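What follows is one structure encoded as structure tokens, with my remarks underneath.
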2 protein chains.
Amino acid sequence: MDRELSYKDKKVITIGTVCELTGLTERQIRYYEEKKLVFPERSKGKIRKYSFSDIETLIKIASMVEEGVQTFEIRQKMKKQKEKEIERKLIQGQINAHFGLRNGKR
Amino acid sequence: MDRELSYKDKKVITIGTVCELTGLTERQIRYYEEKKLVFPERSKGKIRKYSFSDIETLIKIASMVEEGVQTFEIRQKMKKQKEKEIERKLIQGQINAHFGLRNGKR
DNA sequence: CGTGTAAGGAATTCTGACACG
DNA sequence: CGTGTAAGGAATTCTGACACG
């Protein structure tokens, strides 16, 4: 159904690698999780696993924090962002339904 | 130049996760490396890092081994496979050059 | 509020080797 | 040949806390 894109959202990267890719410290990354800005999965041993998507999110968060935006506000913005996304998909779904399409991807 | 595809080839996955995704044991994965079938990168501490692309390769290798194909033969096949790929890209490059295109991606 | 750090433990990974077949 | 395993060490990650501001 989505061969290529699945890579982007698969949670397979450990925190050390995320640090390298984002330039952030473990402390920062864990803190942003505490503030509900990122949601890594955990593998048996409680090890955090991130996706490439998470990494992009973290980079955005970091630049906002640098600009002085508080994590609380960032969380609000991300929530709104997500709501818009949902609505967009909903509408797209209705359009597709109208034209008898299944799986409106691509 | 290639935003999406870069994920597939980025070496960021540790061996434990590769085991989960492929169903192979660490022993098998390291052995296939010894036999020059996969080429993980190493992060500072000598930890192996694999890409999603490597994972796909490993799955193919595993099924061939199960069929009784020896790693030596698999290596040969992969080498031929790679040569064909190079030739294909070469030809494509010439075609693109002929039409004045830069970067024949997509 | 956001981040650094030392602390101690648990989980992960590594290498080289012996074993079986 | 391909893979399992026990062995000991090194690197990674985790949590909870104290600190600064």
Side-chain angles (χ1 to χ4, degrees), chain A residues 10-79, chain B residues 10-79:
Chain A
K10 210 133 200 178
K11 312 261 185 178
V12 295
I13 310 175
T14 53
I15 200 164
T17 304
V18 175
C19 289
E20 291 177 3
L21 296 175
T22 62
L24 300 173
T25 63
E26 294 184 14
R27 184 67 166 100
Q28 291 174 303
I29 296 167
R30 296 203 190 98
Y31 181 71
Y32 299 152
E33 176 183 0
E34 194 182 314
K35 293 304 177 185
K36 314 281 190 191
L37 299 179
V38 271
F39 309 92
E41 287 181 359
R42 299 276 186 141
S43 74
K44 47 272 165 113
K46 305 191 175 180
I47 306 295
R48 272 170 266 248
K49 302 285 187 179
Y50 301 84
S51 65
F52 282 110
S53 196
D54 290 330
I55 288 173
E56 292 186 0
T57 301
L58 283 167
I59 292 173
K60 287 175 191 163
I61 292 169
S63 61
M64 294 186 82
V65 171
E66 276 185 73
E67 289 174 32
V69 186
Q70 288 192 287
T71 57
F72 175 74
E73 304 173 68
I74 296 175
R75 177 142 185 257
Q76 305 271 291
K77 291 188 181 184
M78 291 180 71
K79 190 174 282 180
Chain B
K10 211 132 199 179
K11 311 264 186 176
V12 296
I13 312 174
T14 53
I15 201 164
T17 305
V18 175
C19 289
E20 290 177 4
L21 296 175
T22 62
L24 300 173
T25 63
E26 294 185 14
R27 184 67 166 102
Q28 291 174 301
I29 296 168
R30 296 204 191 98
Y31 182 71
Y32 300 152
E33 176 183 1
E34 194 182 314
K35 293 304 175 185
K36 315 282 188 189
L37 299 179
V38 271
F39 308 92
E41 287 180 359
R42 300 276 187 140
S43 74
K44 47 275 166 114
K46 306 192 175 180
I47 305 297
R48 271 169 267 248
K49 302 286 186 179
Y50 301 84
S51 66
F52 282 111
S53 194
D54 290 330
I55 287 174
E56 292 186 359
T57 301
L58 283 167
I59 291 173
K60 287 176 191 164
I61 292 168
S63 59
M64 295 187 80
V65 170
E66 275 185 74
E67 288 174 32
V69 186
Q70 289 191 288
T71 56
F72 175 74
E73 305 171 70
I74 296 175
R75 180 145 183 254
Q76 304 271 292
K77 291 188 181 182
M78 291 180 71
K79 189 174 285 181

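Just so we're on the same page: letters track the sequence lines, and every chain starts at 1. Because the structure is predicted, anything quoted here is derived from the model rather than measured. The basis for the numbers below is simple: all heavy atoms, side chains too, and nothing from hydrogens, waters or symmetry mates.
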Gap between atoms CD and P, on B/Glu26 and C/dG16 respectively (whole Å): 16 Å

Is the distance from OP1 or OP2 of D/dG4 to the nearest side-chain N or O of B/Tyr31 less than 4.0 Å? no

Here the distance between atom C1' of D/dG2 and atom CE of B/Met64, to the nearest Å, is 15 Å

A/Ser43, nearest nucleotide to its side chain (from C/dT12, C/dT13, C/dG4): C/dT12

Hey, is the side chain of A/Tyr32 poking within less than 4.0 Å of OP1 or OP2 on C/dT3, counting only N and O atoms? yes

Is it true that A/Lys44 and B/Glu20 have a side-chain N and a carboxylate O under 4.0 angstrom from each other? yes

Please report, rounded to the nearest Å, how far the P atom of C/dG2 is from the CG atom of A/Leu37. 9 Å

Applying a 3.5 Å limit to both distances, which nucleotide forms a Watson-Crick or G-U wobble pair with C/dG8? D/dC14

To the nearest Å, give me how far apart CD1 (B/Ile13) and P (C/dT12) are. 16 Å

After noting the C-alpha distance and the side-chain angles of A/Arg48 and A/Arg42, does the key distance pass the side-chain contact (heavy atoms from CB on, under 4.5 Å) rule? CA-CA 5 Å; A/Arg48 272 170 266 248; A/Arg42 299 276 186 141; 2.9 Å; yes

A/Lys49 vs A/Val12, test: side-chain contact (heavy atoms from CB on, under 4.5 Å). Steps then yes/no. CA-CA 5 Å; A/Lys49 302 285 187 179; A/Val12 295; 5.7 Å; no

Paired with C/dC20 by Watson-Crick or G-U wobble geometry, both distances under 3.5 Å: which nucleotide is it? D/dG2

Of D/dT13, D/dG4, D/dG2, the nucleotide closest to the side chain of B/Lys35 is D/dG2

I need the CD-P distance between B/Glu41 and C/dC14, as an integer number of Å. 14 Å

Rounded to the Å, how far apart are A/Lys46 NZ and C/dA10 P? 11 Å

Go through the side-chain N and O atoms of A/Asp54 and A/Thr57 and say whether any donor and acceptor fall under 3.5 Å apart. no

Tell me the interatomic distance from B/Ile15, atom CD1, to D/dT3, atom P, rounded to whole angstroms. 13 Å

Pair A/Ser51, A/Lys10 - check side-chain contact (heavy atoms from CB on, under 4.5 Å), show working. CA-CA 5 Å; A/Ser51 65; A/Lys10 210 133 200 178; 5.7 Å; no

Between B/Thr14 and C/dT12, is there a side-chain N or O to OP1/OP2 distance below 4.0 Å? no

Quick check on DNA chain C: between B/Ile47 and A/Gln70, whose nearest nucleotide comes earlier from the 5' end? A/Gln70

Test for a donor-acceptor pair under 3.5 Å between the base of D/dT15 and the side chain of A/Arg30, counting only N and O atoms. no

Distance, rounded to the nearest Å, where B/Glu33 contributes CD and C/dT15 contributes C1': 12 Å

Compare the minimum distances between each of C/dA17, C/dG2, C/dT5 and the side chain of A/Arg27, then state the nucleotide with the smallest one. C/dT5

Sorted by position of nearest nucleotide on DNA chain D, 5' first, the leading residue of B/Thr71 and B/Lys44 is B/Thr71

Of A/Val69 and A/Lys49, whose closest DNA chain C nucleotide lies nearer the 5' terminus? A/Val69

Taking atom types as they are modelled, would you say the side chain of A/Arg48 forms a donor-acceptor pair with the base of D/dT13 within the 3.5 Å cutoff? no

Between C/dT15, C/dT12, D/dT12, which nucleotide gets closest to the side-chain atoms of B/Arg42? C/dT15

Can you establish whether the number of heavy atoms outside B/Phe72 located under 6.0 Å from its atom CZ is more than 12? no

